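Please read the structure below before turning to the comments.
Atoms considered below: every heavy atom in the structure, side chains included; atoms not considered: hydrogens, waters and symmetry mates. Note that the coordinates shown come from a computational prediction; the quantities given were computed from them, not determined experimentally. In what follows, every chain begins at residue 1, and chains take the letters A, B, ... in the order their sequences are listed.
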Number of protein chains: 2
Amino acid sequence: MVTKQEPAPLTVGELPHAVNGLLQQISTHSQSPTICIFAILLLNDQTLAKGEYNMASTLLTRIYNQFNQFSKTEKRISTYILNHAELIPNMTTKELALKADVSEASVIRFAKTIGIGSFKTFKIALAQELAVKEEYITDFTILQKKDSPHEMFQKVVHVNKNAIETTKESLNKKDLEEAVHALKNARKIVFYGIGGSSIAAIDALYKFTKLGFQVEFNSDFHYMLSRVPHLNKKDVFVAISMSGKTKEVLDLSRIAQKKGAKVIAITNINKSPLYKEADIRLATPNVEEDFRIGSITSRMTQLTIVDTLYICIFNMVGEHVLEEFQEARDYVVKLRR
Amino acid sequence: MVTKQEPAPLTVGELPHAVNGLLQQISTHSQSPTICIFAILLLNDQTLAKGEYNMASTLLTRIYNQFNQFSKTEKRISTYILNHAELIPNMTTKELALKADVSEASVIRFAKTIGIGSFKTFKIALAQELAVKEEYITDFTILQKKDSPHEMFQKVVHVNKNAIETTKESLNKKDLEEAVHALKNARKIVFYGIGGSSIAAIDALYKFTKLGFQVEFNSDFHYMLSRVPHLNKKDVFVAISMSGKTKEVLDLSRIAQKKGAKVIAITNINKSPLYKEADIRLATPNVEEDFRIGSITSRMTQLTIVDTLYICIFNMVGEHVLEEFQEARDYVVKLRR
DNA sequence: GATATTAATGAAATTAAATTTCATTAATAT
DNA sequence: ATATTAATGAAATTTAATTTCATTAATATC
């Protein structure tokens with residue numbers, strides 16, 4: 001096996017030249033940068049020479065390393081902090097005291113014990129430290145009976161963001177391009193989804209209406225049964241189903257296909273019938289969900305894909321369509337006067 | 001009184017020279033730095049090139065972009081913040097008020113103007129933003145004409161995640177608890193939203209139906225005009241409007257309130273009529289969106305709040321309701337055999 | 001083992017900081 | 001010119017953090 005050669009770190013003397021080159025690239029490729037925030041990590045060999053000492057470690061590392069030297073009250077506090085780090089910056093001393101089953105004064109003392117002048121400063125320092133961490137420390141995926149509404153809110157934010165991020169893992173570049181191409185040239189676009197997936201269908205309907213496309217969606221399956229047979233090879237049928245096994249979605253997809261329409265499926269990457277049979281597959285990830293709660297995160301992945309399709313078409317069609325839309329809105333405003 | 005001159009931002013051409021000078025200073029004063037992390041904020045006028053669209057922006061960018069719409073007091077505060085961003089997280093309202101030569105109340109108001117629920121939260125959000133070290137050469141918030149579908153997909157993922165995250169900055173803990181309490185004890189819950197906000201209304205309708213609540217939503221405003229007057233003080237009306245100025249939403253909210261129903265608003269934190277008049281405000285952040293593209297990210301924030309309400313109520317009501325729902329689903333499956 | 005001293009701890013009081021309220025002034029609409 | 005609305009700062013109130021004080025626990029000394 002060939003070992004990857006580690007990049008040699010820059011010396012201080014090489015810095016101006018290297019940074020200059022980077023800035024030239026920015027200047028070249030960004031005519032009018034809005035904001036460009038970047039940090040440069042200058043990592044030097046951290047094997048310390050004789051007489052040198054490591055003066056820095058992260059806050060959480062310090063808490064973890066000093067755990068055994070803590071009193072039992074300090075241990076309770078640090079255990080809670082280490083397990084719920086992301087929640088701490090928005091907590092009061094009272095809230096943390098309650099959660100850790102200690103007094104507020106102990107919380108204040110703990111901040112001082114760990115080397116921070118005040119709990120307020122501790123929270124800000126922790127917030128900054130967590131902002132640069134790529135993974136979460138707090139296990140946000142477990143919903144607990146005793147969670148406060150705010151804690152549940154934090155968890156919802158986390159799992160929704162995570163779901164959207166995992167869409168990157170499932171969606172195929174080429175499939176997306178094919179879908180965009182098919183939609184762009186469609187005479188008519190019909191969307192269909194049931195239950196939670198109907199949210200994405202309605203959202204798509206709304207967005208593509210704004211883009212000026214001839215679109216259709218109705219939650220009434222029987223009504224759709226009388227509409228879909230009128231599709232032809234110039235049309236696109238967008239089937240949205242997390243599982244890919246929803247009977248009504250499958251039935252309509254098959255009819256549309258029989259009529260020559262291109263069937264785009266927004267469905268989980270797996271071996272479902274819809275996944276197998278669709279002409280174009282926009283794969284959503286298999287986000288694991290407690291079946292009791294029902295689908296929340298998967299809807300976010302569907303909506304992100306719908307957003308992407310909309311943005312892609314919008315970018316192609318350009319501002320002309322927008323102008324028409326704006327005219328309509330202005331007209332409505334006028335009518336109200 | 002002498003007006004303070006606004007800081008002129010660096011042009012791209014001036015960057016290499018300025019950074020070079022900074023690096024020389026580092027080289028001179030640090031013989032063997034272990035870690036040296038710094039960030040450079042380059043604020044520029046967001047004059048977009050033809051074919052470019054703005055999909056979202058950071059806190060400091062928001063402040064910078066909205067600068068011209070600020071009152072003179074707001075301008076003083078934002079000027080100070082933009083010039084001393086790193087200092088703000090550790091300042092009190094009094095300190096910032098003194099530095100900016102405004103009142104403390106104005107500082108509190110400014111945080112709300114910029115879309116953050118409190119000054120305390122503003123400080124934490126700013127601290128986190130400043131701590132982020134990710135190196136952006138491509139600005140994920142700017143949509144460019146030449147972007148491929150995959151690149152646009154990456155951008156959509158980024159701004160949608162970011163929008164959900166910023167919901168933490170605006171939603172107030174206490175408001176959430178009040179809303180959860182009101183919903184839990186409601187005899188009937190009516191949802192209403194128009195356009196993009198109707199997606200969140202439909203999603204809420206679907207979720208609270210599953211929880212066993214008596215719920216209602218219809219996109220037909222006139223139909224709702226005949227339904228809402230039948231509400232009473234045991235009921236809850238959930239108004240969903242990003243801007244908080246949508247006439248139909250306002251009208252229905254006022255009728256509901258007149259009938260004694262509790263009005264919960266899911267709306268942007270600002271001075272809109274809906275925000276002022278609602279009994280309970282679930283504040284969504286002012287995610288800055290290019291009006292030409294329309295609201296994408298704000299819908300994600302609304303849906304996240306709806307998810308949170310659902311999860312909170314679900315957690316309280318317990319699995320009992322789920323069993324009833326599961327029975328209904330099993331029954332449907334049986335009917336198909 | 002008893003006693004004295006020190007440390008840990010929580011309740012309560014105090015202080016600090018944030019936020020809201022109220023009155024005044026400025027800006028805008030009619 | 002007048003009325004209305006918005007902006008603003010001072011002051012009051014509320015929230016949150018911190019300090020103080022008394023009690024209990026742990027440790028050291030005899």
Counting only N and O atoms by type, is there a donor-acceptor contact under 3.5 Å from the side chain of Ser198(B) to the main-chain atoms of Gly193(B)?
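No.
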Determine: side-chain N/O of [X] to OP1/OP2 of [N], distance under 4.0 Å, yes or no.
X: Lys174(B); N: dT15(D); result: yes
X: Ser118(A); N: dA17(D); result: no
X: Ser71(B); N: dT8(D); result: yes

Please name the nucleotide paired to dT28(C) by Watson-Crick or G-U wobble geometry with both distances under 3.5 Å, or report none.
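Partner of dT28(C): dA3(D).
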Can you tell me the Watson-Crick or wobble partner of dT29(D), both distances under 3.5 angstrom?
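With both distances under 3.5 Å, dT29(D) matches dA2(C).
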Quick one: [X] [atom1] to [N] [atom2], roughly how many Å, whole number?
X: Glu104(A); N: dT15(C); atom1: CD; atom2: P; result: 17 Å
X: Met91(B); N: dA18(C); atom1: CE; atom2: C1'; result: 15 Å
X: Leu96(B); N: dA18(C); atom1: CG; atom2: P; result: 10 Å
X: Lys94(B); N: dA11(D); atom1: NZ; atom2: C1'; result: 12 Å
X: Lys72(A); N: dA26(D); atom1: NZ; atom2: P; result: 6 Å
X: Phe119(B); N: dA18(C); atom1: CZ; atom2: P; result: 6 Å
X: Lys173(B); N: dT14(D); atom1: NZ; atom2: P; result: 20 Å
X: Ile108(A); N: dA17(C); atom1: CD1; atom2: P; result: 12 Å

Choose from dG10(C), dT18(D), dG9(D) the nucleotide whose nearest atom is closest to any side-chain atom of Lys120(A).
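Out of dG10(C), dT18(D), dG9(D), the nucleotide with an atom closest to Lys120(A)'s side chain is dT18(D).
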Proximity of Phe191(B) and Phe217(B) rings by center, below 6.0 Å:
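No: the rings miss the under 6.0 Å criterion.
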For Ser253(B) and Glu277(B), which I'm curious about, is there any donor-acceptor pair between the side chains at under 3.5 Å?
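No, because no side-chain N or O of Ser253(B) sits under 3.5 Å from a partner of the opposite role on Glu277(B).
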Looking at every non-hydrogen atom in both residues, tell me the closest pair between Ile124(B) and Pro89(A) and how far apart they are.
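Of all heavy-atom pairs spanning Ile124(B) and Pro89(A), the closest is CD1-O, 3.0 Å.
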